[in-house]
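What you see below is based on every heavy atom in this structure, not just the backbone, and it leaves out hydrogens, waters and symmetry mates. Start at 1 and go down the list; that is how both ligands and their atoms are numbered.
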Amino acid sequence: MSFINRANIIVKALDKLDKKVKQGKGKVINLCSMQELISELNLKAFIKDGSMSENELAQFVEKYLLATTKLNHPGFFAHQVAPPHYAGSLGSMIDGFTNNAMAIYEMGPPAAAIEYFLINWFLKKVGWNPSPLPGSDLKNNNLQFGGGVLTHGGSLANLTAMLAARNQIAPDAWENGNPNDLALLAPSGSHYSNARSAGILGIGQKAIYHLQLDKNGSIIPDKLEQVYLKMKNDGKRPIALIANACSTAVGIYDPLDETGDFCNENNIWFHVDGAHGASVLLSEKYKHLVKGIEKADSLTWDAHKLMQVPTLCAALLFKDHKSIDTAFKQEASYLFHEKEQPGFDFLHRTIECTKAGLGLKLFMVLAALGEKGLSDYIESRTELTLKAYEYIQSLPNFECPVKPESNILCFKIKGDDDLQIKIRDTLIAKGDFYLSTTSFNDIRYLRFVIMSPATNFKNIKQTITNIGQVKDSLNGYKRCL
Ligand SMILES: *Cc1c(COP(=O)(O)O)cnc(C)c1O
């Protein structure tokens with residue numbers, strides 16, 4: 001058995017696949033049943049014998065790749081997961097090979113250094129002060145500086161932000177448990193991880209007060225006061241107010257500037273869930289969408305969505321590093337600068353103990369594309385989405401509920417909810433185009449999330465034509481009896 005031979009087999013197979021996929025050859029999705037896959041891939045025999053030969057490896061990888069969902073295919077516009085740039089995938093490989101789980105600095109000095117450096121890069125993009133390097137002489141002790149951590153995903157980042165916010169409003173909850181007057185302010189269209197945070201924190205989902213939204217699902221700043229007063233009348237205190245940048249269902253940005261002012265005036269922790277859309281900070285053209293983002297106390301920003309980074313790599317950022325440094329305990333232990341140590345331990349900032357070197361793959365993508373390359377990518381996907389919107393709106397049988405602000409676009413063909421689902425099921429079974437569906441204002445829509453750099457306007461038009469054809473072929477179809 002030789003590493004280099006096996007690596008060659010795998011790299012060659014990936015290269016072949018990559019070229020094919022980017023040209024749109026083959027299916028984007030191949031929904032075989034689990035039973036079929038377990039038997040086709042011969043899983044049982046291989047784990048029993050444990051002696052997969054090079055030939056068998058080649059066959060296995062080929063079958064495996066055939067069955068995968070192809071995110072770099074021009075027909076992939078289903079979910080908010082990055083079609084990975086190969087530079088990032090190579091970063092994953094180095095990380096997997098070295099396994100430097102840098103919860104403590106000595107277990108992965110370069111991975112930790114990259115994470116620290118990238119957290120500062122993110123902080124500066126938001127407009128927050130970066131953290132001085134450990135060992136720096138902090139002459140100005142009053143300087144407020146930010147801090148953060150890379151987590152395995154935006155959901156974990158959101159939960160961690162809520163923990164930090166909870167500890168601010170109820171400092172002894174860590175020791176004694178929650179007081180019973182804690183609540184959350186959030187839009188109903190907030191990502192489900194935020195409602196889960198309420199469940200996990202033990203304040204209960206009923207403690208979420210939903211903010212009033214306009215027809216696009218975006219926060220109405222003038223109505224914030226009303227919901228807040230109701231909360232106060234109920235004898236509750238908000239852990240945080242959560243805003244979307246952008247929303248998961250339709251990709252619309254909340255007005256962060258006004259919402260931030262409201263939170264600051266009322267001394268409410270302001271958390272921006274920018275898992276999907278904070279990446280517009282990289283675009284001069286679109287960063288106005290997150291105007292006021294620096295008024296937040298904490299921000300979730302996924303790199304594995306709009307930054308072509310393979311899963312997972314999410315940044316959780318704080319305007320004030322003390323909020324995260326004290327999130328998992330009562331006492332502040334943030335005076336790491338006083339310690340004589342060469343690096344920084346991320347352990348006290350995360351729910352995870354063992355953690356991957358998440359920053360490397362992001363660094364590799366940045367080193368390949370540069371900020372400009374990523375900005376071009378984000379702008380081109382946003383513009384294509386707008387073009388798709390204009391096209392779809394011009395068709396008599398189609399409608400869109402919202403004009404898009406990001407790379408997410410909801411639309412429907414005239415007909416009921418079941419029809420939309422049946423159309424999607426039919427398209428996925430064919431495997432040439434892969435789109436998602438979502439419910440918005442209680443209506444079922446088809447949904448494009450235009451992620452693949454290979455997708456162009458022609459692919460969009462073909463999909464719409466196909467949807468029309470599928471509908472015609474379904475005439476007379478009833479979902480039940
Ligand atoms: C995708 C998303 C999340 C969840 O992030 P994961 O990285 O998938 O855990 C949270 N909030 C919003 C707004 C999202 O779009």
**Q** With a cut-off of 6.0 Å (strictly less than), are more than 12 heavy atoms of other residues, nucleotides or ligands near CZ of F76?
**A**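 Count over threshold, so yes.
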**Q** Should the pair K285-E383 be classified as a salt bridge under the 4.0 Å nitrogen-to-oxygen rule?
**A**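 Yes, this pair counts.
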**Q** Does this structure show an ion pair linking D432 with K27, if we count only N-O contacts that are shorter than 4.0 Å?
**A**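 Judged by the 4.0 Å cut-off on N to carboxylate O distance, D432 and K27 do not form a salt bridge.
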**Q** State, with a plain yes or no, whether a side-chain heavy atom of F328 is found less than 4.5 Å away from one of H348.
**A**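 No, side chains not in contact.
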**Q** Decide if atom NZ of K22 counts as having more than 12 heavy atoms of other residues, nucleotides or ligands within a radius under 6.0 Å.
**A**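 Buried by this count: over 12 neighbours within 6.0 Å.
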**Q** Under a 4.0 Å heavy-atom cut-off, what residues line ligand 1?
**A**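 Within the 4.0 Å shell of ligand 1, which is judged on heavy atoms, sit Q80, G153, G154, S155, N158, H191, S193, C246, T248, D273, A275, H276, D302, H304, K305.
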**Q** Where the side chain of K412 meets the backbone of G415, is there a donor-acceptor pair that is under 3.5 Å apart?
**A**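 Indeed, once roles are kept as given, a pair shorter than 3.5 Å links the two residues.
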